[in-house]
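Here the structure is laid out as structure tokens; the discussion comes afterwards.
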Amino acid sequence: MKCNTNFDSELKKIEKLNKNWLPWIGEKYFDLPSDKRLIIIGESCYETEDVDINQENYIRKITEKQGMEEGAMWDEDPNKFISQMHTNLEKSLSVDTDNIEAKRHFWERVCYFNIIQTPLKSRSTENRPPWQDFLTGWDVFYQVLSILNPSYCLFNGVEASNHFYPDKSAKFNYYSNERALSLPMINDAHPRKIILKNNNDQLTKIIFIKHSSSYFSTELWKDFINKEFEGLLPFKN
């Protein structure tokens, strides 16, 4: 697993973080200057998966399988299935998904974790995460942010933006003057944006895009991400 584990003891001190779902931290993530660092934030994990989602290092193992095409989960899956959600997300970030070395180059340099810290029973509408789970997730997010110190965050899905409150972020020494800003519609969804500043005046730009699972235009979202992240993409070979 090409994951940086040097911060695990610090991450495990985060009270509400699911300790089996520690963030994926690419082994070369900290080789990048802070103004080139990106964290990707997913939403939920589901009990209906065909593997144990509560196993130790699940987020890291699934990222290793889906992104790096390596690891125990990859070896154990005879179909070597890669989800549409994962592939669409990579394409929207200008990753050549037909080139395994390009994929690995990307995932070695980014971080990934989920904002919802408890598993959902299914993907059905009645099993959507309650608002309390999003508030808990934001508490976790700010503490992960302070450890991983990125300048860019990409949320895969817009729902979490509805539960962002500037007064709550201030409790973790992150500040914003307004709620998430809704931007013009793209691909039947309104992307959102937040700019956070910490006590050291470091800025973190957060964008929320349509969830990449289905009916997702990789080209439209690639254009949007490139514009908002100002050509960041330090992931190409």
**Request:** Assess the side chains of Asn187 and Trp221: does a donor N or O sit below 3.5 Å from an acceptor N or O?
**Result:** yes
**Item:** Donor on one side chain, acceptor on other, Asn149 and Ser34, under 3.5 Å
**Value:** no
**Asked** Does atom CG of Asn177 have more than 12 heavy-atom neighbours, drawn from other residues, nucleotides or ligands, at distances under 6.0 Å?
**Response** no
**Request:** Indicate whether any N or O donor in one side chain lies under 3.5 Å from an N or O acceptor in the other, for Thr118 and Asp133.
**Result:** yes
**Item:** Ring-ring centroid check Trp24 Phe106, cutoff 6.0 Å
**Value:** no
**Message:** Is there a path of hydrophobic side-chain contacts, each under 4.5 Å between heavy atoms, that joins Phe229 and Ile206?
**Reply:** no
**Prompt:** What distance separates Ile59 CD1 from Asn114 CG, expressed to the nearest 0.5 Å?
**Reply:** 4.0 Å
**Message:** With a 4.0 Å cut-off on N to O distance, would you call Lys222 and Glu219 a salt bridge?
**Reply:** yes
**Message:** Taking Glu101 first and then Arg104, would you say they form a salt bridge - that is, a charged N and a carboxylate O separated by under 4.0 Å?
**Reply:** yes
**Prompt:** Say you draw a straight line from CD1 of Ile82 to CD of Glu69; how long is it, rounded to the nearest 0.5 Å?
**Reply:** 5.0 Å
**Request:** Please lay out, stage by stage, how Leu17 and Gln143 fare under the test side-chain contact (heavy atoms from CB on, under 4.5 Å).
**Result:** CA-CA 9 Å; Leu17 175 67; Gln143 294 172 83; over 6 Å; no
**Message:** Could you check whether Arg128 pairs with Glu43 (Lys NZ or Arg NE/NH1/NH2 to Asp/Glu carboxylate O, under 4.0 Å)?
**Reply:** yes
**Request:** Mark yes when over 12 heavy atoms from residues, nucleotides or ligands other than Glu178 sit less than 6.0 Å from its CD; otherwise mark no.
**Result:** yes
**Request:** Report the C-alpha separation of Lys193 and Phe208 in whole Å, then their side-chain angles, then the decisive distance to 0.1 Å, and conclude whether the side-chain contact (heavy atoms from CB on, under 4.5 Å) test is met.
**Result:** CA-CA 6 Å; Lys193 178 165 61 175; Phe208 303 78; over 6 Å; no
**Request:** Give a yes or no on whether Phe113 and Val158 share a hydrophobic cluster (residues Ile, Leu, Val, Met, Phe, Trp, Tyr; joining criterion: side-chain heavy atoms under 4.5 Å apart).
**Result:** yes
**Asked** Between Trp107 and Glu90, is any side-chain donor less than 3.5 angstrom from a side-chain acceptor?
**Response** yes
**Prompt:** Mind checking whether Tyr29 and Arg109 have side chains closer than 4.5 Å, heavy atoms only?
**Reply:** no
**Item:** Gap between atom CD1 of Ile62 and atom SG of Cys45 - 0.5 Å precision
**Value:** 8.5 Å
**Request:** Drop me the distance from Leu38's CG to Lys205's NZ, to the nearest 0.5 angstrom.
**Result:** 12.5 Å
**Asked** Does the gap between the ring centers of Trp131 and Phe134 come in under 6.0 Å?
**Response** no
**Message:** In this structure, is the centre-to-centre distance between the rings of Phe155 and Phe164 below 6.0 Å?
**Reply:** no
**Prompt:** So Tyr58 and Asn20, side-chain contact (heavy atoms from CB on, under 4.5 Å) or not? Walk me through it.
**Reply:** CA-CA 6 Å; Tyr58 171 73; Asn20 289 329; 5.6 Å; no
**Non-hydrogen side-chain atoms of Leu22 and Glu56 separated by less than 4.5 Å** = no
